[in-house]
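Report on the following structure.
Owing to the predicted nature of the structure, the values given are computational and were not obtained by experimental measurement. Throughout, protein chains are lettered first and strands after them, A, B, ... in sequence-line order, and every chain is numbered starting at 1.
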There are 2 protein chains.
Amino acid sequence: MLLDHLAIESNGVPIYVQLRAQIAAALGRGALAPGARLPTMREVAVALKIDLNTVQRAYAELERDGLITLTRGRGSFVTHTPPREARAGVRETADRLAAQAAAQARAAGIGLDELTAALARLKAAR
Amino acid sequence: MLLDHLAIESNGVPIYVQLRAQIAAALGRGALAPGARLPTMREVAVALKIDLNTVQRAYAELERDGLITLTRGRGSFVTHTPPREARAGVRETADRLAAQAAAQARAAGIGLDELTAALARLKAAR
DNA sequence: TGTATTGTATGGTAAAACTCATACAATGGC
DNA sequence: GCCATTGTATGAGTTTTACCATACAATACA
């Protein structure tokens with residue numbers, strides 16, 4: 001379920017931006033098939049303990065970008081013809097995050113191999 | 001030059017967050033060697049047409065994370081890598097950094113697998 | 001037809017982000 | 001010692017984000 005993969009961090013990044021990015025990435029990954037129904041705005045608001053208006057803003061921008069369609073009374077659905085660039089930004093973002101982590105590691109005297117091992121441990125702990 | 005790799009987008013992410021992330025990523029890719037001098041806060045502010053205080057906030061957080069050191073009158077410099085056996089808690093530190101990176105990735109909709117793959121790409125690119 | 005569901009919209013409040021202007025303080029070079 | 005450079009700091013004012021409460025409008029369904 002998509003709701004389980006959503007989580008808001010207090011990084012300085014606005015909540016609606018985080019939400020928009022996470023849903024966009026999930027769609028680009030194919031986690032939800034075209035035509036599939038997204039969780040209700042109210043469901044997301046309750047689950048993440050954020051405001052309905054904040055969710056609405058994220059959903060509205062996803063619709064503006066052509067990723068989802070909103071229909072009052074019915075719900076929100078994945079578009080059947082998603083834009084190509086949906087998947088493009090994911091790799092860029094991942095590379096940027098990896099480089100950031102590498103910088104932190106170097107400053108702490110941690111090698112890339114040790115960081116990789118730590119990531120593997122984290123993955124195993126789930 | 002680092003300045004050329006900096007660009008601010010109007011995507012809702014606070015400017016100081018974008019700047020901090022981009023500089024950190026550049027350091028992680030090895031764009032600047034340890035000990036190298038960063039562009040002046042004022043240079044960045046002028047080049048990106050943003051406020052000096054905004055740059056200062058980004059630089060300050062990079063210093064708090066140990067990535068750079070700030071010296072009044074001299075400038076900002078990439079911190080030197082500490083000696084390898086300097087600390088006993090290498091593993092704990094690595095785990096902490098990994099968890100941090102994972103949280104950042106999660107906020108951006110990036111999964112552990114994608115982050116690991118990106119880290120492998122970065123390692124290969126050296 | 002009625003009614004619950006779901007997206008859409010508005011007004012008010014608080015906090016954060018950003019800019020602008022100005023000033024202070026340490027460093028290095030003349 | 002003088003002075004330009006560079007980081008550090010403060011305060012005022014505007015914009016953006018987020019929350020809360022409330023209400024409206026379209027859809028689906030018993």
query = In terms of side-chain heavy atoms of S76(A), which of dG7(C), dT8(D), dT6(D) is nearest?
reply = dG7(C)
ask   = To the nearest angstrom, how far is E61(A) atom CD from dA18(D) atom P?
value = 11 Å
query = Are L97(B) and L97(A) connected, step by step, through hydrophobic side chains (Ile, Leu, Val, Met, Phe, Trp, Tyr) whose heavy atoms are closer than 4.5 Å?
reply = yes
task = List for me each residue that meets salt bridge (charged side-chain N to carboxylate O under 4.0 Å, His left out) alongside R121(A), sequence neighbours excluded, and say none if there are none.
result = D95(B)
inquiry  = Contact list please: residues 6-26 of chain B against DNA chain C, heavy atoms, distance less than 4.0 Å, in numerical order.
reply    = P14(B), I15(B), Y16(B)
Partner set under salt bridge (charged side-chain N to carboxylate O under 4.0 Å, His left out) for D65(A), not counting sequence neighbours = none
inquiry  = Using a 4.5 Å cut-off between side-chain heavy atoms of Ile, Leu, Val, Met, Phe, Trp and Tyr, which other residues end up in the same hydrophobic cluster as L3(B)?
reply    = M1(B), L2(B), L6(B), I8(B), I15(B), L19(B), I23(B), L27(B), L32(B), L38(B), M41(B), V44(B), L48(B), I50(B), L52(B), V55(B), Y59(B), L62(B), L67(B), I68(B), L70(B), V78(B)
inquiry  = From CZ of R57(A) over to P of dT10(C), roughly how many Å is that when rounded to an integer?
reply    = 15 Å
message = Can you list everything that forms a salt bridge (charged side-chain N to carboxylate O under 4.0 Å, His left out) with D51(A)? Sequence neighbours excluded, please.
response = none
ask   = Does anything in residues 23-39 of chain B pair up under salt bridge (Lys or Arg N to Asp or Glu O under 4.0 Å), and if so which pairs, sequence neighbours excluded?
value = none
inquiry  = Checking A101(B) now: which residues fulfil side-chain contact (heavy atoms from CB on, under 4.5 Å) with it, not counting sequence neighbours?
reply    = A101(A), L115(B)
inquiry  = Does the protein touch nucleotides 20-30 of chain D at the base, only the backbone, or not at all? Give it as B, S and - per nucleotide, heavy atoms under 4.0 Å.
reply    = BB-B-BBBS--
message = Rounded at 0.5 Å granularity, tell me how far CD in E43(B) sits from OG1 in T40(B).
response = 4.0 Å
query = Expressed in angstrom and rounded to an integer, what is the separation of L70(B) atom CG from dT5(D) atom P?
reply = 20 Å
query = In the hydrophobic cluster built from side-chain contacts under 4.5 Å, what are the other members alongside F77(A)?
reply = none
key: Divergence of helical axes at both termini of the helix from dT1(C)-dA30(D) to dC30(C)-dG1(D) - five pairs an end, 10° steps   = 30°
task = Please collect all salt bridge (Lys or Arg N to Asp or Glu O under 4.0 Å) contacts where either partner lies in residues 10-25 of chain A, sequence neighbours excluded, each pair once.
result = R20(A)-E61(A)
ask   = Does anything in residues 97-109 of chain A pair up under side-chain hydrogen bond (donor to acceptor under 3.5 Å, both in side chains), and if so which pairs, sequence neighbours excluded?
value = R96(A)-Q100(A), R106(A)-T79(B), R106(A)-T81(B)
task = Mind calculating the distance between CZ (R64(A)) and P (dG7(C)) to the nearest angstrom?
result = 18 Å
